[in-house]
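In what follows, a single structure is set out as structure tokens and then discussed.
Basis for what follows: all heavy atoms, side chains included, without hydrogens, waters or symmetry-related copies. Chain letters run A, B, ... following the sequence lines, proteins first and then strands; every chain starts at 1.
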Amino acid sequence: MQLSLEGVTKQVGPETWLYPLTLAPRPSEVTVLLGATRAGKTSLLRIMAGLDRPTTGHVRVDDQDVTGLSVRKRNVAMVYQQFINYPSMTVAENIGSPLRLRRELNIEQRVRELAERLHIGQYLARYPAELSGGEQQRVALARALAKRAPLMLLDEPLVNLDYKLREGLREELAQLFASGESTVIYATTEPGEALLLGGHTAVMDAGELLQYGATTEVFHRPRSLREARAFSDPPMNLLTATTGTGSVQLQGGPTLNLQLPPTAAGTVTVAVRASALRLQPRTGDVALAARVELSEISGSATFLHVSSAMGELVAQLTGVHAFEPDEPVTLHLSPAQVYVFDSTDTLLIAPERST
Amino acid sequence: MARIDLDLAHCYRPEQAEIDYALLPLKMTFSDGGAYALLGPSGCGKTTMLNIISGLLIPSEGTVRIDGRDVTHASPQQRNIAQVFQFPVIYDTMTVAENLAFPLQNRRMPTAQIRKRVGEIAEMLELSAQLDRRAAGLSAEQQQKISLGRGLVRPDVAAVLLDEPLTVIDPNLKFQLRRKLKQIHRELKLTFIYVTHDQVEALTFADEIVVMNRRRAVQVGAAEVLFERPAHTFVGYFIGSPGMNFLPARASATGVNVAGQLLATLPHRAVPDGELKLGIRPEYLTLAAHQAPGALAARVTHVQDLGTHLLLSAALDGHTLKARLASDVAPPQVGESVWLQVISEHTCFYQDEELVA
């Protein structure tokens, strides 16, 4: 199923929620809509679903114009942040409801299969209120999958779950999506979730579609600083620098030996991912002197926030590392691992990749 | 400031079958001035423990002692314990200063002293500029800071209990408040007990984390210890994303048998005989040379580029192993056979879910 949006906008009173946007998500694959809150993800999903009509522009499904066609006349499955189920129906009735509406055969068998796949097989006779949040969302997901709709839209479906539940369910969803039964659009605010889901990513910011491409490609080669920022968690370290011959001079920091395109001149922004800052030096590294603000520990990684003459920096270290606030620390950086953006924020160079 | 000793259990019914316990028997000490977190999934018993410490709940068995004094039946006021909840608890119509002064006025502290103390706490929480503003008009973050300030303002408070205090805080501001809480703990040196299901909050704030599961404290330790040497398989699973890899193993005098292969264990790590689980974290599972000692062959099922690193999934005897690989190496292909170093300094062995080697 090929969905395409052409010049779609959304104007609500004096406010623009979506600026002119053209997007043809890859059929039978996952497209992640990545952006902070108010980026326009939900507005776009609602237009895709037919819940809202775009102010201007067209929505097409396999070359048929469906702009303004109501959601009831489209074959779309949708999953929301909140766990939405029919409270008076059992789990089995909830999952089977779209199939009963279509008077399908073998409903019971299909329901059982889906429930097993989502690990809620033992709860078929229960009511949603008797289940935990994670289980309720599994019911909503199973019902959406039961529909076998060619288009499946998910609006931050895991955001209200504990991180351990999120981890397991995300992996199962990625496997279910891989079957290629549906074109899947998945909205999230988390860059890490986009990378875990893989597929393609559309980066959105303040009502604009910034970049669309293979998820890893967008991550490793953001077109401009705006895309790079939207696709970084923790935020990228942005350092002001001046260009020299075969080098850039960091303001308040060392000089990096870098070959920039000949057009680059004057002031540039050197962007460093948190994971590129290390405690152990390697050959060719530069050293950055800093002072610890806080070491945030996530379980398998440590986010070390420091202050330095170049401004505040954050380093992502593998494993657990305890630091005391105000402790001095030296971070090491390879000039080959930085991104450089010119004065108009356009990408000049990105780190080379071996893969 | 105080030291808190728990030696208790809490059961809702007199029959006392294990299932009826909201908190299974435990013995624990919170040292004076320590920063603690109670971490676990919903239903693990962490809120029950907090309510027992604060005096909102009387345990069905055992005692709570503060500085050696039995306070099992004392009210929260008598225990002199301050609490901060998920949602701000403030007087909307009062100013920030009046809110902060309230707990001191109740204790009839002289006005000049109150003013001084309120000034200090406001300074610490960066609320000085808002002291004369009505609390109602402030952001959720500032209101929660007032709640925190009301807990901290009494200089003689025995302990400060925080129950998911960052729930209402915007994700972008959480970092600042986490830093603030840590600073405040260092300056005031009060006993802090912080309850959360969020591992980042617990591990960042606390010097000692109490990991709870199924109404039991399964490990008490620093973040580093929970990561390096999980005392229980649940800790291995719960801390870290993804959690620890586990493989069934059987130990004998000649080594450990894992997935049909006999592997030599490290000479200084005595592994008890019998049925075991081998645990190794994805961060420590590395690619090894063909038939390297302590390595096993597995088939690659998935390689994900997670931007800053690669996540390799491999199948071994019906189990899935995950390994975190540096992104500057050429990754193996799906379907390929790789050797994974399952025995190393970082390998843990578990018997009946408890760490034995």
message: With a 3.5 Å distance limit and no angle check, can you tell me whether A:Ser295 reaches the backbone of A:His321 through a side-chain donor-acceptor pair?
response: yes
message: Under a plain distance cut-off of 3.5 Å, with no hydrogens placed, do A:Arg273 and A:Ser232 share a side-chain donor-acceptor pair?
response: yes
message: In terms of relative ring orientation, are B:Phe227 and B:Tyr284 parallel, tilted or perpendicular, with 30° and 60° separating the classes?
response: tilted
- prompt: Measuring heavy-atom distances to chain A, does B:Arg186 have an atom under 4.5 Å in its side chain, in its backbone, in both, or in neither?
  reply: side chain
query: When the ring planes of B:Tyr36 and B:Phe30 are compared, do they come out parallel, tilted or perpendicular, using 30° and 60° as the limits?
result: perpendicular
message: Can you tell me which of A:Pro235, A:Ala274, A:Gly299 forms the most heavy-atom pairs within a distance under 4.5 Å of chain B?
response: A:Gly299
- prompt: So which part of A:His305 gets closer than 4.5 Å to some heavy atom of chain B, the side chain, the backbone, both or neither?
  reply: side chain
message: Is A:Asp326 in contact with chain B via its backbone, its side chain, both, or neither, using a 4.5 Å heavy-atom distance?
response: side chain
task: Heavy atoms only, distances under 4.5 angstrom: which of B:Arg178, B:Lys182, B:Gln183 has the most pairs with chain A? Name it, please.
output: B:Arg178
task: Decide, yes or no, whether a salt bridge links B:Glu353 with B:Lys277 under the criterion of side-chain N to carboxylate O below 4.0 Å.
output: yes
field: B:Arg324 and A:Thr318 side chains, donor-acceptor separation under 3.5 Å
entry: yes
query: Under a 4.5 Å heavy-atom cut-off, does chain B meet the side chain of A:Ser298, its backbone, both or neither?
result: both
task: Return yes when atom CD of A:Glu130 has more than 12 non-hydrogen atoms of other residues, nucleotides or ligands closer than 6.0 Å, and no otherwise.
output: yes
task: Measure distances from B:Gln199 to the heavy atoms of chain A and classify the residue's part below 4.5 Å as side chain, backbone, both or neither.
output: both
- prompt: Do you know which of A:Leu195, A:Ile297, A:Thr216 has the most heavy-atom pairs with chain B at a distance under 4.5 angstrom?
  reply: A:Ile297
- request: On the 0 to 90° scale, with breaks at 30° and 60°, tag the A:Phe231-A:Phe219 ring pair as parallel, tilted or perpendicular.
  value: perpendicular
- prompt: What option among B:Thr308, B:Leu226, B:Leu306 has the most heavy-atom pairs under 4.5 Å with chain A?
  reply: B:Leu306
field: Interface moiety of B:Phe238 toward chain A, non-hydrogen atoms closer than 4.5 Å
entry: both
Carboxylate-amine/guanidinium proximity below 4.0 Å for A:Glu135 and A:Arg126: no
query: Side chain, backbone, both or neither: which part of A:Glu167 has a non-hydrogen atom closer than 4.5 Å to chain B?
result: side chain
- request: Against chain B, label A:Glu171 side chain, backbone, both or neither, depending on which of its atoms sit under 4.5 Å from a heavy atom there.
  value: side chain
query: Can any side-chain N or O of B:Tyr350 pair as donor or acceptor with the backbone N or O of B:Pro230 at less than 3.5 Å?
result: yes
field: Under 4.5 Å from any heavy atom of chain A - which part of B:Pro282
entry: neither
message: Heavy-atom pairs under 4.5 Å with chain B: which of A:Pro325, A:Pro351, A:Ser275, A:Ala322 has the most?
response: A:Pro325
message: Is B:Tyr237 close to chain A through its backbone or its side chain, or both, or neither, when contacts mean heavy atoms under 4.5 Å?
response: both
